[in-house]
Every structure is written in C-alpha cells, then in structure tokens.
Engineer: 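Sharing a structure here in structure tokens format.
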Amino acid sequence: MNIKKLVSLSFILLMGLLSAQENANRFFYELSFKPKKDSAKIDKVMTILDITKTKSQYEDFTGPAQDSILKVKVEGMQKSGIFEDVTKSIKMPKFSYKIQKAYPDMKILVSDMISNRNAFGYEDQVKFDWKISNDKQKIGAYNTQKATTDFGGRKWTAWFSTDLPFQDGPYKFYGLPGLIVKIEDADKNYSWELKGNKQIKDWKELTYGEEMRRTMGYNPKVTVISKDKFDATAKVFRQDPFGEFRQYMTPEAMKMTMPGSQMTMGEFIKNQEKLVKDFLAANDNPIEITDAPTKKK
C-alpha cells in the first residue's frame with residue numbers, strides 16, 4: 001500500500017472514530033405513575049432524556065444506571081468461567097421502551113422489547129397543539145411557564161423553561177419554546193418532573209447490557225416496521241416471551257448445565273420467562289389510551 005492510500009485510509013478511520021463519539025446533555029426526570037387503572041397506588045422511577053446535536057433519546061434510567069455493576073459481574077464470569085445468574089442482582093426497568101426524536105423534523109422512533117432476537121420499532125410523527133398561558137411559577141431552580149394540550153386521550157399540563165434552550169421533553173412531548181420541566185395529565189396517572197442534569201461525554205445509544213446481548217445472538221439495531229405490525233408482534237411476544245428463542249434450542253441443549261452452575265439452560269430460560277411475564281403484567285395503564293387527539297403533520 002502506498003503512502004497516499006495509507007494516509008487516506010487513516011483519515012477515513014479517524015473521521016469514523018470521531019463521528020462515533022458524541023456528547024449529550026442528560027436530563028433526569030422523576031416519573032410518578034399509576035401502574036394499574038383506577039388505582040391509588042403511585043410508583044416512581046427515574047427516567048432520562050439524552051439530548052445530542054442530532055437527536056434525543058428518552059428511556060427508563062434503571063438499565064443505564066446498572067451498567068457498571070453488570071460490567072463487573074460479566075467480566076468476573078469471563079475470568080472465572082463460573083456462571084452467575086445476574087438477574088438476581090440486576091433490577092428490571094419499569095418501562096422497556098426507548099423514544100428517539102430526530103432533529104430538526106422531530107420524527108419519533110419508538111422501540112421496545114417485543115423480541116429476543118431483534119430490536120423492532122415504529123415511526124410516529126406528531127404535532128402537539130399547545131395552548132400557552134401567562135401563568136408562571138418557579139419549579140426547582142427554573143422559571144417556568146404553563147402550557148396545555150390533548151394527547152393520547154388525556155389532557156396534559158406542562159411547565160416549560162426558556163432558561164433551557166431545548167424544545168424537547170420527556171416521552172414523546174416536544175414543541176414548546178424551552179425544555180419541559182414538568183408535565184402531568186389531568187388525573188395524575190403520569191407526572192414527570194425534572195430533577196437534574198449532567199454532561200455525558202462519548203455518549204452511546206446502547207447500554208452495556210444491550211451490547212452484551214449481541215453475544216447471545218440479539219441484533220440491537222432497530223428494524224422499523226409499521227405500527228400495526230409492531231402491535232401484532234408485541235401481542236405474540238407477551239403471550240410467549242421466549243417462544244422465538246425456544247425454537248432454536250434442542251431438547252439436549254435445554255438439559256445442558258450452565259457453566260459453573262447447577263442450573264440447566266431450560267431452568268434458566270424458565271426463570272427469565274417468569275421475570276419478563278411479571279414485568280409485562282405490572283403495568284396495565286398505558287400513557288396513550290387513544291391516538292385520536294394527536295394531529296399528524
């Protein structure tokens with residue numbers, strides 16, 4: 001290889017490396033919600049909105065928060081060769097979906113755990129019809145202003161701050177002249193409030209846990225399908241979360257003992273299946289109870 005080609009190749013590799021490195025503003029929102037319809041019980045979970053130059057990503061913080069713990073345990077297993085069921089020490093998130101908004105058109109991509117082999121998502125481009133009032137209040141460290149809208153069959157009240165120059169917010173919400181600091185529906189089924197923020201250097205779209213799933217044959221790159229197909233696939237997954245995975249396992253493989261453990265592969269899958277089913281049954285009060293109030297662009 002001549003010098004000119006070598007320099008060109010080095011430049012391409014360097015640009016690829018630099019383009020892969022992205023910084024983000026991470027905003028922490030405490031979400032208070034009713035997991036069951038017509039229930040007085042309120043659950044709380046920390047969620048995050050990561051904002052980069054090209055997009056934002058919203059998700060439950062439970063997964064990313066445990067990355068360092070999971071990394072230590074996985075590396076320990078790799079060194080010792082002894083299997084450890086990490087699910088006993090790792091918490092399941094309250095919500096498994098991610099929501100990305102592409103800037104500047106704000107096209108929304110919703111992806112969720114509806115397969116053990118592939119990541120699936122659907123696109124949703126919506127426009128909120130905000131009514132901004134003159135009402136103002138201080139929430140935490142921020143001066144905010146009130147706005148209301150209808151979305152997903154619920155009436156929402158938001159408080160946004162122009163102190164934070166991002167026209168974005170938690171979940172699918174966006175479109176106000178500042179970051180949404182607090183938003184809740186009229187019946188307080190769901191309420192988000194901003195609790196803090198930090199800079200994330202070399203931000204990555206995937207968590208360490210998601211990256212590790214590649215070793216088990218999982219493809220984390222989101223395949224975009226229609227909303228109808230997404231809902232149909234989700235329904236099948238909820239009925240049998242490991243049906244797709246089980247078809248690749250022979251009876252002999254299911255009887256195999258996990259390395260350094262007394263647990264068989266079949267027992268491990270059964271335990272995982274119970275965890276997933278319990279997770280899916282924990283919340284029957286969706287944020288969006290209908291798509292009707294949202295206007296398409």
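Heavy atoms only: backbone and side chains are in, while hydrogens, waters and symmetry mates are out. Start at 1 with the first residue, then count along the sequence.
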Engineer: Out of curiosity, Asp50 CG to Arg26 CZ, how far, rounded to the nearest 0.5 Å?
Structural biologist: 4.0 Å

Engineer: Check whether Gln57 reaches the backbone of Glu205 with its side chain - one donor and one acceptor, N or O, closer than 3.5 Å.
Structural biologist: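 Pair found, side chain donor or acceptor close to backbone of Glu205.
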
Engineer: Checking side chain to side chain contact (heavy atoms under 4.5 Å, CB included) for the pair Lys255/Thr264: CA distance, chi angles, key distance, verdict?
Structural biologist: CA-CA 6 Å; Lys255 294 177 182 177; Thr264 65; 5.6 Å; no

Engineer: Please check if Leu206 and Met113 belong to a single hydrophobic cluster, counting links between Ile, Leu, Val, Met, Phe, Trp and Tyr side chain heavy atoms closer than 4.5 Å.
Structural biologist: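 As far as the 4.5 Å side-chain criterion goes, Met113 and Leu206 are not connected within one cluster.
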
Engineer: side-chain hydrogen bond (donor to acceptor under 3.5 Å, both in side chains) for Ser226 and Glu123? Distances and angles first, verdict last.
Structural biologist: CA-CA 8 Å; Ser226 69; Glu123 291 182 341; over 6 Å; no

Engineer: How long is the straight-line distance from OG of Ser115 back to CG of Asn219, given to the nearest 0.5 Å?
Structural biologist: 9.5 Å

Engineer: In Å, rounded to the nearest 0.5 Å, how long is the span from CE of Met106 to NZ of Lys127?
Structural biologist: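 Going from CE on Met106 over to NZ on Lys127, the span is 13.0 Å.
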
Engineer: Tell me if a side-chain donor or acceptor on Thr144 pairs with a main-chain N or O of Ser161 at a distance below 3.5 Å.
Structural biologist: no

Engineer: Would a hydrophobic clustering, with Ile, Leu, Val, Met, Phe, Trp and Tyr connected at side-chain separations under 4.5 Å, put Tyr142 with Ile132?
Structural biologist: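 As far as the 4.5 Å side-chain criterion goes, Ile132 and Tyr142 are connected within one cluster.
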
Engineer: Within the distance-only criterion (no hydrogens, no angle test), does the side chain of Asp60 pair as donor or acceptor with the backbone N or O of Thr62 below 3.5 angstrom?
Structural biologist: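 Yes; at least one donor-acceptor contact below 3.5 Å.
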
Engineer: Hey, could you give me the CG/NZ distance between Leu31 and Lys195, rounded to the nearest 0.5 Å?
Structural biologist: 12.0 Å

Engineer: A side-chain contact here means heavy atoms from C-beta on lying under 4.5 Å apart; do Leu109 and Val222 qualify?
Structural biologist: yes

Engineer: Any idea how Trp192 and Trp156 line up, ring-wise: parallel (<30°), tilted (30 to 60°), or perpendicular (>60°)?
Structural biologist: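 Tilted.
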
Engineer: Of all heavy-atom pairs between Pro220 and Ala119, which one has the smallest distance, and what is that distance?
Structural biologist: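 That closest heavy-atom pairing would be O-CB, 3.6 Å.
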
Engineer: In the structure I gave you, are the side-chain heavy atoms of Lys36 and Lys41 within less than 4.5 Å of one another anywhere?
Structural biologist: no

Engineer: Step by step, would you call Phe120 with Asp112 a side chain to side chain contact (heavy atoms under 4.5 Å, CB included)?
Structural biologist: CA-CA 7 Å; Phe120 290 108; Asp112 203 349; over 6 Å; no

Engineer: Side chains of Thr47 and Phe28: does their closest heavy-atom pair fall under 4.5 Å?
Structural biologist: no

Engineer: For Pro165 and Asp163, work out which heavy atoms get closest and say how close.
Structural biologist: CD-O, 3.6 Å

Engineer: Is there a side chain to side chain contact (heavy atoms under 4.5 Å, CB included) between Lys146 and Thr157 once you walk through the steps?
Structural biologist: CA-CA 7 Å; Lys146 183 180 177 180; Thr157 297; 3.7 Å; yes

Engineer: Output the distance between atom OG1 (Thr54) and atom CD1 (Ile51), rounded to the nearest 0.5 Å.
Structural biologist: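 Output value for this atom pair is 11.5 Å.
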
Engineer: I'd like to check Phe33 versus Phe95 (side-chain heavy atoms, cut-off strictly below 4.5 Å). Are they in contact?
Structural biologist: yes

Engineer: Could you check if a side-chain atom of Asn25 sits within less than 4.5 angstrom of a side-chain atom of Gln199, using non-hydrogen atoms only?
Structural biologist: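 SC-SC contact between Asn25 and Gln199 confirmed.
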
Engineer: Determine whether the side chains of Thr149 and Asp129 contain a donor N or O and an acceptor N or O closer than 3.5 Å.
Structural biologist: no

Engineer: If you draw a 6.0 Å radius around NZ in Lys204, do more than 12 non-hydrogen atoms from other residues or ligands fall strictly inside?
Structural biologist: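 No.
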
Engineer: May I ask you to test the Asn23-Ile200 pair for a side-chain heavy-atom distance under 4.5 Å?
Structural biologist: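 The answer is no; the side chains never approach within 4.5 Å.
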
Engineer: Output side-chain donor-acceptor pairs under 3.5 Å for residues 177-189, partner residues at least two apart or in another chain, one line each.
Structural biologist:
from	atom 1	to	atom 2	distance (Å)
Glu184	OE1	Ser191	OG	3.0
Glu184	OE2	Lys188	NZ	2.8
Asp185	OD1	Asn189	N	2.7
Asp185	OD1	Tyr190	N	2.7
Asp185	OD2	Asp187	N	3.1
Asp185	OD2	Lys188	N	3.3
Asp185	OD2	Asn189	N	3.3
Asp185	OD2	Asn189	ND2	3.2
Asn189	OD1	Asn285	ND2	3.0

Engineer: Under a 3.5 Å distance rule, please check whether Trp130 uses its side chain to pair with a backbone N or O of Tyr174 as donor and acceptor.
Structural biologist: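 Checked: pair present.
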
Engineer: Applying a strict under-4.5 Å side-chain criterion to I, L, V, M, F, W and Y, I'd like to know whether Ile48 and Tyr103 cluster together.
Structural biologist: no

Engineer: Cation-pi check, Lys227 to Tyr122: give yes when NZ or CZ is under 6.0 Å from the six-membered ring centre and within 45° of the ring axis, no otherwise.
Structural biologist: yes

Engineer: For a side-chain hydrogen bond (donor to acceptor under 3.5 Å, both in side chains) check, start with the C-alpha distance between Ser56 and Asp168, then their side-chain angles and the critical distance, and finish with the verdict.
Structural biologist: CA-CA 8 Å; Ser56 68; Asp168 211 331; 2.8 Å; yes

Engineer: If I take atom CH2 from residue Trp159 and atom OG1 from residue Thr148, how far apart are they, to the nearest 0.5 angstrom?
Structural biologist: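 Answer for the CH2-OG1 pair, Trp159 versus Thr148, is 10.5 Å.
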
Engineer: Okay, side chain of Arg154, backbone of Glu288: is any donor-acceptor separation there less than 3.5 Å?
Structural biologist: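 Checking the backbone N and O of Glu288 against the side chain of Arg154, no donor-acceptor pair under 3.5 Å is found.
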
Engineer: Is it true that Phe166 and Phe27 have ring centroids separated by less than 6.0 Å?
Structural biologist: yes

Engineer: Should we say atom NZ of Lys94 is surrounded by more than 12 heavy atoms from elsewhere, each under 6.0 Å from it?
Structural biologist: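 Open.
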
Engineer: Counting C-beta onward and ignoring hydrogens, is there a side-chain heavy-atom pair between Asp124 and Lys172 closer than 4.5 Å?
Structural biologist: yes

Engineer: Side-chain heavy atoms under 4.5 angstrom apart, residues restricted to Ile, Leu, Val, Met, Phe, Trp, Tyr: same cluster for Phe61 and Ile99?
Structural biologist: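 Each belongs to a different hydrophobic cluster.
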
Engineer: Go through Lys44 and Glu30 one step at a time and tell me if the side chain to side chain contact (heavy atoms under 4.5 Å, CB included) criterion holds.
Structural biologist: CA-CA 7 Å; Lys44 291 187 178 183; Glu30 183 178 71; 4.0 Å; yes

Engineer: Determine whether the aromatic ring centres of residues Phe151 and Phe128 are separated by less than 6.0 angstrom.
Structural biologist: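 Here the rings of Phe151 and Phe128 have centres that are less than 6.0 Å from each other.
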
Engineer: Looking only at heavy atoms, which two atoms of Pro286 and Lys37 are closest? And how far apart?
Structural biologist: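 Looks like CD-CE, 4.2 Å.
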
Engineer: Verify, without hydrogens or angle tests, whether Lys101 (side chain) and Tyr171 (backbone) share a donor-acceptor contact under 3.5 angstrom.
Structural biologist: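 A pair under 3.5 Å: yes.
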
Engineer: Would you call Ile139 and Glu193 a side-chain contact if the rule is heavy atoms closer than 4.5 Å?
Structural biologist: yes

